[in-house]
Structures are given as C-alpha cells and as structure tokens.
A.B. asks: 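One structure follows; several queries about it will come next.
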Amino acid sequence: MKNGDHLFLVDGSGYIFRAYHALPPLTRKSDGLPVGAVSGFCNMLWKLLKDARNTDVGVVPTHFAVIFDYSSKTFRNEIYPEYKANRSAPPEDLIPQFGLIRQATKAFNLPCIEKEGYEADDLIATYARLAVEAGGDVTIISSDKDLMQLVNHKVSMYDGMKDKQISVPEVIEKWGVPPEKMIDLQSLTGDSTDNIPGIPGIGPKTAAQLLEEYGDLDALLARASEIKQQKRRENIIAFSDQARLSRELVTLKNDTPIDVALDALVLEPQDGPRLIGFLKAMEFTSLTRRVAETTETDAALIEPVPVETQWGADAHGPDLQTGVSAEATPEEVMGGAAAMPATPVAPEGPENTPAVLARSRAEAATAEKIDTTAYVCIRDLATLQAWIDEAVENGIVAFDTETSSLFPMEAELIGLSLALAPGRAAYVPLAHKSGAGDLLGGGMLENQIPLDQALAALKPMLEDRSVLKIAQNMKFDWLLMHRYGIDITPFDDTMLISYALDAGPGGHGMDSLSERWLGHKTIHYKDVAGSGKSAVSFDMVDLERATAYAGEDADVTLRLWRVLKPRLVAEGAVSVYERLERPLVTVLARMEARGISVDRQILSRLSGELAQSAAAIEDEIYQLAGERFNIGSPKQLGDILFGRMGFPGGSKTKTGQWSTSAQVLEDLAAAGHELPRKIVDWRQLTKLKSTYTDALPGYINQETGRVHTCYAMAATSTGRLSSSDPNLQNIPIRTAEGRKIRTAFIASPGNKLISADYSQIELRVLAHVADIPQLKQAFEDGVDIHAMTASEMFNVPVKDMPSEVRRRAKAINFGIIYGISAFGLANQLSIPREEAGQYIRTYFERFPGIRDYMDATKAFAREHGYVETIFGRRAHYPEIRSSNPQMRAFNERAAINAPIQGSAADIIRRAMIRMDGALAEAELSARMLLQVHDELVFEVSDDEVDKTISVVRHVMENAAMPAVSLSVPLQVDARAAQNWDEAH
DNA sequence: GTCCGACCGTA
DNA sequence: TTACGGTCGGACG
C-alpha cells in the first residue's frame, strides 16, 4: 500500500444486524431460507464496487476487506465480564445469514477477515492505522458510533444504507465533540446496548458540554469537585472508576494481531461467474441480471453453487449466546406434533424448486458414468497445494481417509483422497510401503509427500470455514484428523443426510448408497486389500489400485452429496439433519476419543471366578445328562434334552430345531427338572465371561489405557445410537453376577463417574403424544406409574399392592410402547393368550386415548409409508402395506414404537449436543463419556460433582425445549460414585 | 473363510 | 410385543 491508495473496510457484522432490522424480511422463494440481510449486503457491496470502477466518482478503493466479529468472548470480557452480557441471542432467522454473508463476501472475491478474541471494530482500527501509516486513505463502511473515534483527515466513514459520508464535521455535528474525543464521550455516557456503565445521569449532550469545558476525561475527573450541579458532581466523583473502566472498554485496540497482511487486501477483479453462481443460489434475480450485464457473463450458463447454511451454535455471529432461545428454527417452532406429516415442498411448476432440483440431480447422477481409472495420484507438495487451492476457490471438497484400522482411535493415516467435481478426484498416498519381497513389509515407498508437510498444507483448508468438507461417515475422519491436530469444519456427511431422509430398512453405507443413487457398483475393500488371512493393510496396496479405490470413495461421496443434499430442503428434513445429526458428530467423536477407564484386574479376577463356576456346573451337567457334549451348541443340547432324555419339548425355532431358549429351560426347571436349571446357569456364566470379562480387556487402548467404544449414528431405524467395538450399551445390570462387570468401569484417580438417566422417558413421551390425562397427571404428581396403571386396570389401591399385580401392569405398559399383541404379552407374562387379550381390552377401556393414538399412527404409516417423531425425524416402513399379514403386523408394531423410541432418542441427542457448551458455560470440567439410550455417563473431578449433576440434570430435563414443549415433565436421576455399578 | 441362526446382554 | 451388537456353533463353499 502506498500514498494515494484507498482502503475500504466493511463492518460486516454491524451491517448484518442493521440490515436485518432495517430491511423488510425476505426469504428464498424455493425453501423459505431467510436471506434479507444477505440481499441487502450483496446490493450494498455491488454498489460500492460498481462505483469503485466508475472513475468519475472521487473515491476509488484500491484495497478492500470485509471484517466480521468472530465470537462473543473477547479481551473486553476479561476486563469486564458483564460486557455485552445483556445482549440477547440473535433472532433465529438471522442465524443462518451469518454464514451466508461470509460466503457472499467470498463470492464477491473479497477478503473475509475475522479473528478469535477480537471484535470487528478492533480489526478495523488496526487496519486503518496500518493503512494510514503506509500513506493511504481509509473509508470505513459503517455508521456505528463506536468506530467514530477512528475518524480523522485520512479516515472517514460511510453509511452504506443512507448513502451518507461521515467525516470530522459530521461527527462534531452529531455528537458535539471531534472524533478524538469520542472515547471520552462514550466513557461518560456509557452504552446500554453493550452494557458499558458510564456515569449515571450523563447523556451525550452533558458529556459534550463537560468535555468542552474541561478538555478531556482525566481533567474532568480530576476537577470534578468544581462542578456546580450537585447531583452531577456527586455522580462523577462516585462513578469515576466506572468511567475509567468504560474508557478501557470503548477504546478500540489498533494493534491486534492480524493474519492477513494489509497488502493482501488489494482489490482483485470481479469474478463474474463465481458471483453469479452464488447469487443464483440465493435466488436474487435482479442482482444476478445486473451483475451478468456488467461483467458480460451469460448467467444462463452458470449453475447455482451449493451454499452452506448453519442454523445452530456452530453458526458464527457476534454475540451468539449458547442459550436455548437462539436455537429454534422456524421449521422447528412450527413443527412439534407427533406423526404429523411435514409438508414437502410441492413442485408447482417447471420453475427451479428444490424438489425439481433434487429430481434433476438424481436423474443426472445415474446417467453419468464413473471411471475409476481417471483419478490422479498426487506425490508432490506443489500438486497437492494446487488441489487445495482449488478446493478453497471452489468452496466445496469431498474428503476421505485411508487408514490402517477401522477403529478410529487406533487407525493411522495411510493416504487421503479429495474430489473437487464429479469425476475429478485425487489420491494422496502418505504412508504406503514398498512391499517388494521383504517379509517385514518393506520400507516406505519413495516419492510420497512427508506426512507432516501434507497435513500442514491441508490444515488451513480443512479448518477454513468458507470451505465445505464432505465425507461419508465424517465422525471417523473427524476423529482421525483430530488426533493429527486438525479439527475439520464445516462439514456435511452423506451418510447422515441419507439417514435424515431415508431411515428405515436398508443401511446408509457408501456401497449401497452408490448403487441406489448413482447406479454404480463401487470397488469393494476386499478387492483391493484381500480379506481374511490373506488381507493386507492398505499401505501394502499398490498405488494404482489404491488411487482407483480411494479416488472413487471421494468421487462417489461428492456425487452422493449432490443428489442427497437438495432432498433435505425438498423433503423437509433440514431440521433433523441440522439439529439432530450434524451437530452430534463432533460431540460423539470427542466422547469416543475420551474413552472410559476399565480396571483390568477386576475383569481378570472375574474371568477366573466365572471359569471355575462354569467348570463346576459343566461337570454336573455331564453327570445329569449321562454324557459329554458341547453345551454351547443349541443343536446338540436340543437333541439330548428333547430326544434322548425325553423332556417335553416347548417350541421349535424357525429352522425346525427344538428351541433351547432360556424361557423354555426355565419352564422345565419350574417343572422340577434339575438339568435345565444348570444349563441356564451355565449359559449365564459363560456369556458373561466370553462377551464381557474376556473380551473387554482386549479393547483397552495401548496409548490411552482406556476403552474407546464407537457409536454408530445411522444404524437404527428409530434414531437411537448403537455402540460397538466394544458395545458399551449392553453391559449387564440385571443380575448380581452381571453387575460385578460394571464395577470394572471406574473413574480415574481424583474423579467420580456420574450416571444420569431419564426416568420412564418413553412412557412420558407416550403420555405426551397420545395425550393421556391419567398418565400425564401421574407423571405430574410423581407417582409410581406402573402401580398407577395396575390400580386403574385392576381396581386395586396403590397402597399394599401385590408385586405380581404391579409386574403385570409394567409388562403391559412396555407392551403398549412396543405395539402390543395378545400373543406377545401372553409370552412375556407366561399367561394364556385369552387372558392377555382381556388385559389389553381392559387397558384400552381405561385409556381409550392410547387405542386412538395407535390406530391413528398405523393409519398414518399405511398412508405415508413412514412415521415421525415429535422433532420430525422420519422412520420409513414400506412393508406396512405388505400382503403378508405377519409382515404387516410386524411393521405396524414397529411403526407404533418408532415415534416413541425415536422421540426419546431425539431428546437425549439434543441434551448431548448442548451438554459440552453448558458445562463450559458453568466452568465445569466434566467430560461426557457414554450414552446408553436414556443414560449419560460423565467423568468429573471430585470437587465438581454436585455442580455438575445440577447442570447435567438441567440440560437433560429441558432438552426438548424450545422446539417442543412437552406436556409431561422429564425427570432425571443422577448419582456419582467411583464405579459405574454404584453410580447407576 | 464366510455367512446365518440361535441365543442373550442392554434400553 | 420395540430397538440394538457379540459370541458361538454349524453349514456352506
């Protein structure tokens, strides 16, 4: 920058709020996305830049930047915690616009500048100083009085909305003091919107008058006793410290660290097609036309670029509080009734609606052939950098990693692939071995970019908030890269998009999605790495095959995204994806990374005890049976029990074998037979040993010494998570023997485990969605729900109720949630089917609303093929129209269960998404470790137990709010102890 | 070596 | 009667 150059600095954050309130609301036609502030912003930028190229106008920028606030916490909060504390969260329809305006800035080919810990105003002050020192002039595009202190003969302001210049005379005219006294003036008056205290009773007029008389703030405070007006004098003396503090707060910091040099702000030529791509996506038709004319671009040839919208707490805007009021989307606020159909946006004509776009994308995707030999293998840094640059330019890139393991906490990076456009993908090998002839696997292959250099090159792009990273199952890649010091943001996940759209039968793996949506059979991992004993690690795969395989993964992921993402809007699944799926990815990844401490000694001792007990029982079994056989083989066991020994066979399995289930064996035992009892006991012991005490130690991670389960986000049809490797959602609890295994899950020294679980969450959800007065009242009163049910059904008082009566009512309550049948209930309670049927009839008489709800849900599912949770998550049951009565009945029961189980699953997801923020807000160091459907397990320092329990309980009990206001209270029981058994 | 059914642990 | 994942045995190729 040199003499005569002119820097324009746009106060982006200030503009967003001002435009939002000043301009009429505007939404994108096709899907209702709020874009009023974005529209105003684009029009203003266009006007500024158009004038800039018109040399008839006096002021021509040579340098240009748009500056944003990054977060609400800045150094000012250190000085004064109350700074801006009175700000409420931004309006919900403004939230997605923060990100869009940053994207707009990029589309205008302008630098987008922000820095964590600093306000936009400080960055503006810093750049203004640098520019003036370099001999340039500065125009700040803002009308914020906080910036007026910067005005001088080289620096002026411009109000883009009023088309008004603000120089030294305008400041004096408006405030009665010259710009250099604005700081003192604001220190005296304070500022209610920023919660800056100032001195009570002093407004701008008085302040200006005082400064005129005494010169500056210090002189005024020093000579305060001379002031004639009594009240004013007393206040200034009493609140002088407050004025000095205010001065610190309002004084802009003009020496903040900056990441982008002044000279890098030089104004680049407009990129017409890029800008038009964005404007078309926003559906700003008239501005699109004007830009097309001016840049001589044929807008018809340009596709709208996909834009990233962030609704939640990830969205960066100034003063975005973590409070719940900020989080409801319009879609959520309007939704909320269970099993109500979300209205898909109906295509009303040939215009470009989301539904039309989604359909055309789907058609195009199957038509395009995929050539896996066309991918590039990148082996030098310069080429990688060129791809990265293009990704940044593009704003979108599909990303995939190849690793040494499917366990993300053990996996090491072997290579990664990128895709910039369909068919344009590259593989970057990073740790392939030469493999030639050497039994030890050979040395490292030549000509690979060193891992640290590749990661250093990729990190800025992977963390660049203007570049959308797309992956299939991002949690894996996120956790892996997190371990390499990179936190990917922002991202989309094709697996989760598919799940939000199409949960039901059928998975969401890349291979099946590719086949379904692209009509393309992917290369299977087995085909490149082999399988079983002959399988090799991916680092031994030759680069040609590795490139085809890995490149295809990225290519297919990108293509899937292009097909699936538009469907979210078209089919009303945006809210589920944005509020329940995407934000959970990093929450779960961090939980997996933390792991939980497991005591190896306890497990090993238990294994020994179990082995001994099992061996003893084994001998008795052989004695009783009169021969040795494999007790673990249901086939052999059935032959002996029901064949040779002639026990009365209970039921047969579907393969025609005698069933040897615990139920059958228990019945025989109850009839006085000794052997079946022994078998049941033996089964329990060996199950505990093989599944838990023997297996768990093998999952203890070498480096962390902890067990890191893996959560599957898209494995169930209802919205529940599942856990595997190891499954920590089925650790025993029902029997005393089993519970011992829980004692091996421990808190690290100085810590406790907290277990917090929802009490009867599914029955509470049922009471809410089916609107059952007695159930709601019972939960309101906090009474024993099963006893209440029994009392209603059997006309017995709750007091001194026989336990068997309560047990039956409990079975019925669960039966209701599961889509009850007389057959199932009879089985569960070991009573005749007729009796079970009578129970159900009685239940429906007492609670007619339940029958209505079940009938309505079934009818809804038959009509639409899916059901919905209270948050709009859909579960599809296409087979509910099957002509097979068994199949149909099964799907009906599942359809009744899904909204209940799924709503409960959604509630705990919401709690989990908010939990880390709430704990941080309360300055608690507790770590969330595990989720078991209605339970969360935390590890917390001994001295923070009580506070943590109260925060956790608050978050969990209010998790449905504000999207859904449940008509039943949620109750959370929480306890802390040294191990999981005692905590639960 | 791979797949499936039976069984059983959890919510 | 709902939703999962792990282990085992045994049949298949």
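Please read all numbers here as calculations on a predicted model, not as lab measurements. So you know, we letter chains A, B, ... as the sequences are listed, proteins then strands, and number each from 1.
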A.B. asks: Please work out which residues in residues 820-829 of chain A have a non-hydrogen atom less than 4.0 Å from an atom of DNA chain C and list them by number.
C.D. replies: A/Phe823, A/Gly824, A/Leu825, A/Gln828

A.B. asks: Check DNA chain C against residues 831-842 of chain A and give the residues with a non-hydrogen atom under 4.0 Å, in numerical order.
C.D. replies: none

A.B. asks: Of A/Thr718 and A/Ser724, whose closest DNA chain C nucleotide lies nearer the 5' terminus?
C.D. replies: A/Thr718

A.B. asks: Who are the ring-ring contact (aromatic ring centres under 6.0 Å, His included) partners of A/His508, not counting sequence neighbours?
C.D. replies: A/Tyr499

A.B. asks: Between A/Trp980 and A/Phe745, what is the ring plane arrangement, given parallel below 30°, perpendicular above 60°, and tilted in between?
C.D. replies: perpendicular

A.B. asks: What is the distance, rounded to the nearest whole Å, between atom CG of A/Asn891 and atom C1' of C/dT2?
C.D. replies: 12 Å

A.B. asks: Can you check the A/Asp694 CG to C/dG6 C1' distance for me, whole Å?
C.D. replies: 13 Å

A.B. asks: So A/Asp725, base contact, sugar-phosphate only, or nothing? Heavy-atom distance under 4.0 Å.
C.D. replies: sugar-phosphate

A.B. asks: For A/Tyr818, give me all partners under side chain to side chain contact (heavy atoms under 4.5 Å, CB included), at least two apart in sequence or on another chain.
C.D. replies: A/Phe814, A/Asn897

A.B. asks: When the distance from CG of A/Leu685 to P of C/dC8 is rounded to whole Å, what number comes out?
C.D. replies: 15 Å

A.B. asks: With heavy atoms under 4.0 Å as the rule, sort A/Thr686 into base, sugar-phosphate or nothing.
C.D. replies: nothing

A.B. asks: Hey, does A/Ser534 reach any base, or is it just sugar-phosphate, or nothing, if we go heavy atoms under 4.0 Å?
C.D. replies: nothing

A.B. asks: Measure from OH on A/Tyr499 to P on C/dA3 and round the result to the nearest Å.
C.D. replies: 12 Å

A.B. asks: Classify every nucleotide of nucleotides 4-11 of chain B by which part a protein heavy atom approaches to under 4.0 Å, writing B for the base, S for the sugar-phosphate alone and - for neither, in 5'-to-3' order.
C.D. replies: -SSSBBBB

A.B. asks: Can you check whether A/Tyr711 reaches A/Val587 side chain to side chain, under 4.5 Å on heavy atoms?
C.D. replies: no

A.B. asks: According to a strict under-4.0 Å criterion, is A/Ser633 in side-chain N/O contact with OP1 or OP2 of C/dG10?
C.D. replies: yes

A.B. asks: Counting any heavy atom closer than 4.0 Å, what does A/Tyr711 reach on the DNA or RNA strands: base, sugar-phosphate only, or nothing?
C.D. replies: nothing

A.B. asks: Would you tabulate the side-chain donor-acceptor contacts of residues 633-641 of chain A under 3.5 Å, counting partners in other chains and residues two or more places apart, or write 'none'?
C.D. replies:
unit_1	atom_1	unit_2	atom_2	d
A/Ser633	OG	A/Lys635	N	3.4
A/Ser633	OG	A/Gln636	N	3.1
A/Gln636	OE1	A/Asn630	N	3.0

A.B. asks: Indicate, with a heavy-atom threshold strictly under 4.0 Å, whether A/Gly632 touches base, sugar-phosphate, or nothing.
C.D. replies: sugar-phosphate

A.B. asks: Please state whether the rings of A/Phe794 and A/Tyr839 are parallel, tilted or perpendicular, taking 30° and 60° as the class boundaries.
C.D. replies: perpendicular

A.B. asks: Heavy atoms under 4.0 Å, any strand shown: does A/Ala905 hit a base, just sugar-phosphate, or nothing?
C.D. replies: nothing

A.B. asks: Could I get the full list of side chain to side chain contact (heavy atoms under 4.5 Å, CB included) partners for A/Lys687, not counting sequence neighbours?
C.D. replies: A/Thr691

A.B. asks: Is it true that A/Arg909 and A/Glu581 have a side-chain N and a carboxylate O under 4.0 angstrom from each other?
C.D. replies: yes

A.B. asks: Holding to side chain to side chain contact (heavy atoms under 4.5 Å, CB included), I want the full list of residues that pass it with A/Pro878, two or more places apart in sequence or in another chain.
C.D. replies: A/Pro505, A/His876

A.B. asks: In terms of ring plane angle, is the pair A/Phe647 and A/His673 parallel, tilted or perpendicular, where the classes change at 30° and 60°?
C.D. replies: perpendicular

A.B. asks: How long is the line joining NZ of A/Lys689 and C1' of C/dC8, in whole Å?
C.D. replies: 14 Å

A.B. asks: Quick one: list whatever passes side-chain hydrogen bond (donor to acceptor under 3.5 Å, both in side chains) with A/Gln612, sequence neighbours left out.
C.D. replies: none

A.B. asks: Could you work out, with side chain to side chain contact (heavy atoms under 4.5 Å, CB included) as the rule, every residue matching A/Ala895, not counting sequence neighbours?
C.D. replies: A/Ala861, A/Val867, A/Tyr877, A/Ile880

A.B. asks: Using atom CG of A/Asp527 as one end and atom C1' of B/dG1 as the other, report the distance to the nearest whole Å.
C.D. replies: 15 Å

A.B. asks: Could you state the CZ-P distance from A/Phe629 to C/dG9, rounded to the nearest angstrom?
C.D. replies: 13 Å

A.B. asks: Between A/Glu618 and A/Arg628, is there a salt bridge with N-O shorter than 4.0 Å?
C.D. replies: no

A.B. asks: What are the atom names and distances for every N/O pair under 3.5 Å that joins the protein to nucleotides 11-13 of chain C?
C.D. replies:
none

A.B. asks: Using OP1 and OP2 only, check whether a side-chain N or O of A/Ser722 sits under 4.0 Å from C/dG5.
C.D. replies: yes

A.B. asks: Check the distance between B/dG1's P and A/His524's NE2 and give it to me in whole angstrom.
C.D. replies: 21 Å

A.B. asks: For A/Leu721 and for A/Asn630, find the nucleotide of DNA chain C with the closest heavy atom, then tell me which residue's nucleotide is more 5'.
C.D. replies: A/Leu721

A.B. asks: Taking NZ, NE, NH1 and NH2 as the nitrogens, is one of them in A/Glu804 or A/Arg808 under 4.0 Å from a carboxylate oxygen of the other?
C.D. replies: yes

A.B. asks: Would you mind listing every salt bridge (charged side-chain N to carboxylate O under 4.0 Å, His left out) that reaches into residues 707-734 of chain A, with sequence neighbours excluded?
C.D. replies: A/Arg720-A/Glu762

